Amino acid sequence: MTKFWSDTVRRTEPYVPGEQLNDPDIVKLNTNENPYGPSPRVIEAIQSELTRKLHLYPSPGVETLRDSIGRNYNLDQDYVFVGNGSDEVLAFSFMAFFNQDAAIRFPAVTYSFYPVYSKLFRIPYEQVPLNRDFSIPAETFFGAEGGVIIANPNAPTGLYLDVNTIEDIVVNNPDQVVIIDEAYIDFAPASAASLVQHYPNLLIVQTMSKSRSLAGLRVGFAIGDPGLIKALIRIKDSFNSYTVDRLAIAGATAAIQDNTYFRTTTEKIISTREWLIPEMKKRGFHVLPSRANFIFASHYKAPAEFLYHNLKQQKFLVRHFNKPEIDGYLRITIGSDEQMAHFLDAVDHILSSADLAVRD
Ligand SMILES: Cc1ncc(COP(=O)(O)O)c(C=O)c1O
């Protein structure tokens, strides 16, 4: 009965996550998970933690993990915050840095959680239209009234802004916090984390779900000036002292320390992407120049929704967004070479058996 719902629940429009089907034969290319699984050291670390202290609360400060993340960026742990997936880190950041009396800015096509958090926390927002080629017009983010959030590479387009452009946006918003959501940055040229010691208004948010292959463990983190990190800790400690559990701390710490495994698997995904894009183009797809572990593609004849349904029948799950600006496109996660070769076979089969008129 909705009569018992609070005003908060009534005004909430929840985010719709990608489908998680129970079919073991389905190849999941819809939520940008990593095909290689985590480092074997993660499994060892979790197993050893399992046999030890599950009856005790984890450390609320999550020092070991923050320290390990900081080391990768030559930063002290007071520059690092960790949370239960980067979605939680983003939600806390909206609460910590944005207000109800000034509009924040984010691109009109981006991660659809941003408008959800804005509505949940009653933060006004402006959605900045993208250029025709889906690139982000950086100058339109200068002088934002209430702050900025940009996914880089952007989702679901995969397009990347270089560090100088991010720096321009940060410099041109000296009194507001600029959040850069770098969920996919390890598949791109460079993180803007190198800037946090120079700009107290820059917060970088990253996840261990993609390049570290730990979507099931739920660990994300933020890197920023200790003043920003303190604000995030205040929010967390007003909400739940232990957002990251013992198994997640053990597994994520092992993952962040195993950079050899991380580099090998990340490079494999990048090389599969670089091989896949021309293969898709040969088949009549327009593919945006992705710097992420997914591609965003549209076929000159076959409608995206048609491809989505037919691929599902062939046991390949991809993501189609029913939004006017992007409903002609599919977002396809980069799997292993073998998965993507089978995927292309399925595409060939669908295209050759369909009777398609050329689209406008
Ligand atoms: C742009 C972006 N940010 C954040 C996330 C959230 O990742 P997680 O909560 O698994 O860390 C995602 C997940 O797909 C994403 O695409």
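Quick caveat: nothing in here was measured; it's all calculated off a predicted structure. When a ligand or atom number is given, it counts from 1 through the structure's own listing order.
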- prompt: Under the side chain to side chain contact (heavy atoms under 4.5 Å, CB included) criterion, do Phe81 and Phe92 qualify, and how do the steps go?
  reply: CA-CA 11 Å; Phe81 176 81; Phe92 286 0; 3.7 Å; yes
- prompt: Can you list every pair that meets ring pair (Phe, Tyr, Trp, His ring centres under 6.0 Å) and has a residue in residues 119-176, with sequence neighbours left out?
  reply: Phe106-Tyr125, Phe134-Tyr329
query: So Phe113 and Tyr117, would you call those rings parallel, tilted or perpendicular, with 30° and 60° as cut-offs?
result: parallel
field: side chain to side chain donor-acceptor pair (under 3.5 Å) pairs, two or more places apart, involving residues 56-67
entry: Ser59-Glu63, Asp67-Arg71
What side-chain donor-acceptor pairs closer than 3.5 Å can you find for residues 255-262, not counting sequence neighbours?
| from | atom 1 | to | atom 2 | distance (Å) |
| --- | --- | --- | --- | --- |
| Gln257 | NE2 | Ser68 | OG | 3.1 |
| Asp258 | OD1 | Tyr261 | N | 3.2 |
| Asp258 | OD2 | Ser39 | OG | 2.7 |
| Asn259 | OD1 | Arg212 | NH1 | 3.0 |
| Asn259 | OD1 | Arg212 | NH2 | 3.0 |
| Asn259 | ND2 | Asn72 | OD1 | 3.1 |
| Tyr261 | OH | Tyr36 | O | 3.1 |
| Tyr261 | OH | Gly37 | O | 2.7 |
| Tyr261 | OH | Pro38 | O | 3.4 |

Could you tell me, for ligand 1, which of its N or O atoms are under 3.5 Å from any protein N or O, listing the pairs and their distances rounded to 0.1 Å?
| from | atom 1 | to | atom 2 | distance (Å) |
| --- | --- | --- | --- | --- |
| ligand 1 | 3 (N) | Asp181 | OD1 | 3.3 |
| ligand 1 | 3 (N) | Asp181 | OD2 | 2.7 |
| ligand 1 | 7 (O) | Ser86 | OG | 3.2 |
| ligand 1 | 9 (O) | Ser86 | N | 3.3 |
| ligand 1 | 9 (O) | Asp87 | N | 3.0 |
| ligand 1 | 9 (O) | Asp87 | OD2 | 3.3 |
| ligand 1 | 9 (O) | Arg218 | NH2 | 2.7 |
| ligand 1 | 10 (O) | Ser209 | OG | 2.6 |
| ligand 1 | 10 (O) | Arg218 | NH1 | 2.8 |
| ligand 1 | 10 (O) | Arg218 | NH2 | 3.4 |
| ligand 1 | 11 (O) | Ser86 | N | 2.6 |
| ligand 1 | 11 (O) | Ser86 | OG | 2.8 |
| ligand 1 | 11 (O) | Thr207 | OG1 | 2.5 |
| ligand 1 | 11 (O) | Ser209 | OG | 3.4 |
| ligand 1 | 14 (O) | Tyr184 | OH | 3.3 |
| ligand 1 | 14 (O) | Lys210 | NZ | 2.9 |
| ligand 1 | 16 (O) | Tyr184 | OH | 2.7 |

message: Taking CZ in Phe239 as the centre, count heavy atoms belonging to other residues, nucleotides or ligands within less than 6.0 Å. Is the count above 12?
response: no
